[in-house]
Amino acid sequence: MNSMQIRRTAIAVAAAALLPFSLAACSDSGSDTKAGPTAAAGDEGKTAASTPAGDTMTDDKPFGPACAGVPKDGAGSFDGMSKDPVATAASTNPALSTLVAAVKQAGLVDTLNNAKDITVFAPTNDAFAKIPRADLDKVLADKEQLTKILTYHVVGQKLSPKQLGNGSFETLQKGTVTTTGSGEAYKVNTTANVVCGNVKTANANVYIVDSVLMPK
């Protein structure tokens, strides 16, 4: 065997020895490529799973600075209010005593308590105090006008905080209220601030506001 033949034989043997390792390396590389997207999909799954949980928390819990004044337990607490229809629930909250008196004056207690799946924008006592006393007394004495104002604060569906982001809703008075905001800061008709929102009662979602809404 001459030197050229010996050299060719050595190259062939070396190639045969290295071939299995090359194939194994290719196989491992292919496995890594396939594993990459799987891991990414898993991360996306975790992100998707965590997002609804956060939204659920936002939609389920009351929010806003005035919520701190709500009792922790008893009839006037969030838990207590959730068991009563809206007019009854409002009567347990001292900050809504003027509204409750107005609802009684207009004869709307049964109407609100018997309504199903509504939203009430409930003005605080301080909201009513912004109205000059003479004007407020005049409205309270006019049942028709009082009914229009109060029913303007009621929407015939339960609204979640998300829906308040940029919304327009027909009221029981047949007028329209508009809402804007995000997170825990919302306005109604651009002037009234939601100071304690997403309060649940047996038949309504309540958003307590710092101004009385006037029909347009």
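In what follows, every heavy atom counts, from backbone to side chain, and hydrogens, waters and symmetry copies are set aside. Residue numbers count from 1 along this sequence.
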Test item: side-chain donor near acceptor, [X] and [Y], under 3.5 Å:
{"X": "Asn205", "Y": "Ser160", "result": "no"}
{"X": "Thr180", "Y": "Asn166", "result": "no"}
{"X": "Ser97", "Y": "Asn125", "result": "yes"}
{"X": "Lys187", "Y": "Asn193", "result": "yes"}

Min side-chain heavy-atom separation Pro215-Ile149 under 4.5 Å: yes

Check: Phe169 and Gln157 side chains under 4.5 Å, non-hydrogen atoms: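 Yes, their side chains come closer than 4.5 Å.
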
Atom NZ of Lys130 with >12 non-hydrogen neighbours under 6.0 angstrom: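 Count over threshold, so yes.
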
Note: Arg133-Asp137 ion pair, threshold 4.0 Å (strictly below): yes

Test: Lys83 and Asp79 ion pair at under 4.0 Å: yes

Intermediate values then yes/no, side chain to side chain contact (heavy atoms under 4.5 Å, CB included), Thr178 and Val188: CA-CA 6 Å; Thr178 59; Val188 185; over 6 Å; no

Audit row: Ile208, Asn93, side chain to side chain contact (heavy atoms under 4.5 Å, CB included) steps and yes/no: CA-CA 11 Å; Ile208 299 174; Asn93 189 328; 4.1 Å; yes

Intermediate values then yes/no, side chain to side chain contact (heavy atoms under 4.5 Å, CB included), Leu99 and Leu150: CA-CA 9 Å; Leu99 172 63; Leu150 293 176; 3.8 Å; yes

Within the 6.0 Å centroid threshold, strictly below: Phe121 and Tyr186: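 That pair fails the under 6.0 Å test.
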
